[in-house]
S.K.: 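Below is the structure I would like to discuss, written out as structure tokens.
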Amino acid sequence: MKHLISTKQFTSQKSLEKIFSLADSYKKVKSADILKNKILACIFYEPSTRTRLSFETAALKLGASVISTENAAQFSSAAKGETLEDTIKIISGYADAIVLRHYQQGASKKASTVSSVPIINAGDGAGEHPTQALLDLYTIKNELSRLDNLNIALAGDLLNGRTIHSLISLLSLYRADTLYLVSPESLKIPKKYTDYLNNKKIKYIETCDLQESLKNIDVLYMTRVQKERFKNIDQYEKVKDLYSIDAKNIKHMKKNSIVMHPLPRINEISPDIDNDKRAAYFRQAENGLYIRMAILDLILNNKKERKI
Ligand code: NCD
């Protein structure tokens with residue numbers, strides 16, 4: 001794996017199993033000095049808490065050093081008018097890999113065409129967020145001990161939610177029972193993703209009714225309505241609070257189901273359910289660290305013999 005731009009790069013369960021088993025090892029050992037002398041650059045043009053800090057933590061735990069800019073739009077030469085390509089060309093002369101978050105769809109792909117080092121897509125506008133989808137799938141596997149025969153609901157902003165876009169391709173590598181795509185009409189998943197599901201013969205139901213699917217599902221994956229992608233704030237206000245899960249409606253979910261969210265949550269999940277054992281979102285966020293350690297190991301550590 002050189003660049004990690006899209007989850008479409010994963011075409012078999014086997015390639016995912018390798019990442020998951022490395023993540024399992026890192027969950028146990030917590031750190032390993034395998035990336036000494038490597039430098040990771042984290043270049044973020046959009047806000048982030050989990051993605052940037054877990055990548056930086058992952059790098060430090062593996063013995064690498066980190067250079068980063070958390071607000072590249074304002075504090076890098078982008079503010080002076082430098083192109084993304086020029087910025088990436090320069091940084092790829094300093095670092096051994098670049099984790100990039102950008103507001104434009106396709107930015108990571110564009111960066112990968114000029115970079116001499118691996119680019120890891122940490123979110124490109126409303127495009128994709130592949131490392132989030134990897135940790136999401138890893139979480140489902142850890143929580144439910146399987147990835148086949150699951151009923152999964154993806155709910156919220158399916159139009160702009162890049163974590164959803166990346167997750168769909170990974171889920172389609174497994175034999176899901178039914179995928180419930182829950183959103184208001186204006187935030188429906190783009191057609192290219194339903195085409196993809198049709199191609200892979202994955203059964204899905206598009207609906208605006210979350211309540212209806214609750215009793216059937218093993219996984220509820222909630223998402224935030226992506227305010228920053230709206231041109232018109234009134235449109236956002238209309239759809240922002242359509243779906244939420246709380247102590248009342250979680251009662252309709254199966255005892256051994258889970259609730260996930262890439263976070264940050266706004267009103268999609270009530271803190272009232274944080275102590276319910278089905279609330280998996282904080283465990284999900286922690287898994288991000290181990291998955292990102294595994295990804296950095298695979299991308300930056302060229303040794304055939306892994307130390308762990
Ligand atoms: C997500 C993102 O940035 O796409 N956050 C994250 O990385 N955990 C989801 C979101 O911002 O809603």
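Whatever order the structure lists ligands and atoms in, that order sets their numbers, starting from 1. Atoms considered below: every heavy atom in the structure, side chains included; atoms not considered: hydrogens, waters and symmetry mates.
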S.K.: Could you state whether Leu147 and Leu170 fall into the same hydrophobic cluster, counting links through intermediate Ile, Leu, Val, Met, Phe, Trp or Tyr residues with side-chain heavy atoms under 4.5 angstrom apart?
M.R.: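 Yes, Leu147 connects to Leu170 through the hydrophobic network.
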S.K.: Does Glu228, backbone or side chain, put an N or O under 3.5 Å from an N or O of ligand 1?
M.R.: no
S.K.: Show your reasoning for whether side chain to side chain contact (heavy atoms under 4.5 Å, CB included) applies to Thr223 and Glu268.
M.R.: CA-CA 7 Å; Thr223 63; Glu268 306 85 45; over 6 Å; no
S.K.: In the hydrophobic cluster built from side-chain contacts under 4.5 Å, what are the other members alongside Leu60?
M.R.: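 So far as hydrophobic clustering goes, Leu60 is joined with Val66.
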S.K.: How does Ser48 reach ligand 1, if at all, at less than 4.0 Å between non-hydrogen atoms: by side chain, backbone, both, or neither?
M.R.: neither
S.K.: Output the list of atoms in ligand 1 that are nearer than 4.0 Å to some heavy atom of Thr51, sorted by atom number.
M.R.: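 Counting atoms of ligand 1 from 1, those under 4.0 Å from Thr51 are 6 (C), 7 (O).
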S.K.: Look at atom 4 (O) of ligand 1 and say which protein heavy atom is nearest, naming residue and atom and giving the distance to 0.1 Å.
M.R.: Arg162 NE, 2.8 Å
S.K.: Do the ring centers of Tyr193 and His165 come within less than 6.0 Å of each other?
M.R.: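 Yes, close enough.
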S.K.: For atom 11 (O) of ligand 1, which protein heavy atom lies nearest, and how many Å away is it?
M.R.: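 Among all protein heavy atoms, the one nearest atom 11 (O) of ligand 1 is Arg224 NH2, 2.9 Å.
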S.K.: Which ligand 1 atoms does Arg101 reach within 4.0 Å, using its non-hydrogen atoms?
M.R.: 3 (O), 7 (O)
S.K.: By the rule that ILVMFWY residues connect when side-chain heavy atoms come within less than 4.5 angstrom, directly or transitively, which residues belong alongside Ile88?
M.R.: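 For the cluster that includes Ile88, the remaining residues are Ile5, Ile43, Tyr45, Leu84, Ile91, Ile98, Leu100, Tyr103, Val114, Val117, Ile119.
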S.K.: Could you tell me whether some N/O pair between Leu263 and ligand 1 is separated by less than 3.5 angstrom?
M.R.: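 Looking only at distances, the answer is yes, because the N/O contact criterion of under 3.5 Å is met.
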S.K.: Thr163 heavy atoms, cut-off 4.0 Å: which ligand 1 atoms fall inside?
M.R.: 1 (C), 4 (O)
S.K.: Out of Val182, Leu154, Leu210, which one pairs with Leu220 under the side chain to side chain contact (heavy atoms under 4.5 Å, CB included) rule?
M.R.: Leu210
